[in-house]
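What follows is a set of notes on a single structure, which appears directly below.
A, B, ... follow the sequence lines: proteins, then strands. Residue 1 opens every chain.
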2 protein chains.
Amino acid sequence: MTSESETTEKMTAALRKAGIRVTRQRIALLGVLAEATDHPDAVELHERAKAIEPSVSLATVYRTLSVLEEGGVVHRHAFEGGGARFETTHEEHHDHILDVDTGEVIEFQSDKIEQLQDEIARELGYEVVHHRLELYCRKKT
Amino acid sequence: MTSESETTEKMTAALRKAGIRVTRQRIALLGVLAEATDHPDAVELHERAKAIEPSVSLATVYRTLSVLEEGGVVHRHAFEGGGARFETTHEEHHDHILDVDTGEVIEFQSDKIEQLQDEIARELGYEVVHHRLELYCRKKT
DNA sequence: TTGGGTGCAAATCATTTGCAATTAT
DNA sequence: ATAATTGCAAATGATTTGCACCCAA
């Protein structure tokens with residue numbers, strides 16, 4: 001069990017590392033992001049952050065998400081339909097399966113596919129800077 | 001060489017097949033789409049269509065693109081940055097490489113990757129409805 | 001103290017839509 | 001004739017930004 005103050009300390013450290021000021025709003029948002037496992041969008045993150053720190057505005061959520069993204073702390077995904085969805089950056093790179101019926105997001109990782117991508121790009125005279133692989137799926141019956 | 005009237009006939013046939021009325025605006029847009037090899041966005045398509053048929057409005061471009069998409073005549077792509085970009089549907093499925101410096105789009109196709117995608121989804125209890133694979137690349141030096 | 005950060009409201013950007021006029025069938 | 005289609009302008013939805021106040025360093 002992580003105590004509230006421990007969590008706050010962790011958020012504070014992360015913000016310090018990113019070289020930006022530690023504010024109530026940013027601690028709240030970062031906390032919410034850390035807990036989330038469902039790739040929420042900005043509005044959803046705003047709702048959750050407000051529950052912790054009512055003064056957080058949607059504008060600040062957007063501004064902070066951009067700063068955190070630049071700092072490599074969060075990843076922004078532009079899945080089909082609706083606005084951008086976010087997740088905290090984790091060690092291993094991964095791609096996503098999206099359940100077209102529920103909107104649920106499942107992460108997966110395939111070295112083989114990554115390799116093939118590099119190969120294909122190389123053959124065409126390119127090198128992959130980053131990529132996007134999303135499988136829009138339905139649960140098998 | 002395809003004559004102008006031949007092109008118009010082709011467009012007319014396509015619209016008839018899609019079960020929608022043949023209008024000057026739609027013929028112009030469809031003609032522009034057929035010629036394009038660069039995955040233009042709606043504004044660009046509007047510019048090009050206006051050169052053929054000045055009465056085409058941007059609203060009609062958007063409306064027609066949606067209808068044609070539903071009819072399977074065109075594909076809509078939501079690449080990173082900017083608005084949607086379109087291409088006429090062609091036989092073989094393919095994915096895209098995007099030159100991050102020039103915005104150029106290169107098409108490619110890999111059965112191996114497709115197979116791996118299906119495999120991954122299946123193992124997780126899903127079946128792929130459709131997917132999105134985009135390689136954001138830089139020309140090799 | 002002071003420059004970064006914030007909330008608010010107004011501005012943007014891509015896209016959609018209501019409506020009255022036009023036009024394909 | 002008449003229902004589909006259109007242009008225009010206003011509406012939308014997601015995101016950004018200007019500005020005056022606030023607060024972390």
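- Proximity of A:Ile20 to A:Val67: side-chain heavy atoms (C-beta onward) are separated by under 4.5 Å at one or more points.
- Atom CZ of A:Arg63 is separated from atom C1' of C:dG4 by 11 Å (rounded to the nearest Å).
- If you measure from atom CG of A:Leu30 to atom C1' of C:dG5, you get 16 Å, rounded to the nearest angstrom.
- Across the protein-nucleic acid pair, A:His77 atom NE2 and D:dA14 atom P stand 19 Å apart, rounded to whole Å.
- Checking C:dT25, D:dT15, D:dC23 against every side-chain atom of A:Ala42, the shortest atom distance belongs to D:dT15.
- Regarding A:Gln25, its CD atom lies at a distance of 11 Å from the C1' atom of D:dA24, rounded to whole Å.
- Relative ring orientation between B:His39 and B:Phe79 is described as tilted, the plane-to-plane angle lying within the 30° to 60° band.
- Here A:Val56 lies in heavy-atom contact (under 4.0 Å) with sugar-phosphate atoms only.
- Using a 4.0 Å heavy-atom distance criterion, B:Arg16 is classed as a sugar-phosphate-only contact.
- Look at A:Thr23 and you won't find any side-chain N or O under 4.0 angstrom from OP1 or OP2 of C:dG4.
- Taking 4.0 Å as the cut-off between side-chain N and carboxylate O, B:Lys112 and B:Glu114 do not count as a salt-bridged pair.
- Nearest to the side-chain atoms of B:Ala84 among the listed nucleotides C:dT15, C:dT6, D:dT6 stands C:dT15.
- Residues A:Asp101 and A:Arg138 are in side-chain contact: their nearest non-hydrogen atoms beyond the backbone lie under 4.5 Å apart.
- For B:Arg21, taking side-chain heavy atoms from C-beta onward, the closest of the listed nucleotides C:dT6, D:dT6, C:dA24 is C:dA24.
- We find that CG of A:Leu65 is positioned 15 Å from P of C:dG5, with the value rounded to whole Å.
- Residue A:Asp41 contributes atom CG, which lies 8 Å from atom P of D:dA14 at whole-angstrom precision.
- You'll find that the side chain of B:Ala59 is closest to D:dA9, out of D:dC23, D:dT6, D:dA9.
- If you measure from atom CG of B:Leu58 to atom C1' of D:dT12, you get 15 Å, rounded to the nearest angstrom.
- Between A:Pro54 and B:Gly82, the residue anchored closer to the 5' end of DNA chain C is A:Pro54, taking for each the nucleotide with the nearest heavy atom.
- Heavy atoms of B:Arg24 sit under 4.0 angstrom from primed sugar atoms or phosphate atoms, though from no base atom.
- Rounded to whole Å, the distance from OH on B:Tyr62 to P on C:dC13 is 13 Å.
- Taking the six-membered ring where the residue is Trp, B:His94 and B:His77 present tilted rings, their angle falling between 30° and 60°.
- A residue-by-residue look at B:Val43 and B:Val22 shows that B:Val43 has its nearest nucleotide of DNA chain C further toward the 5' end.
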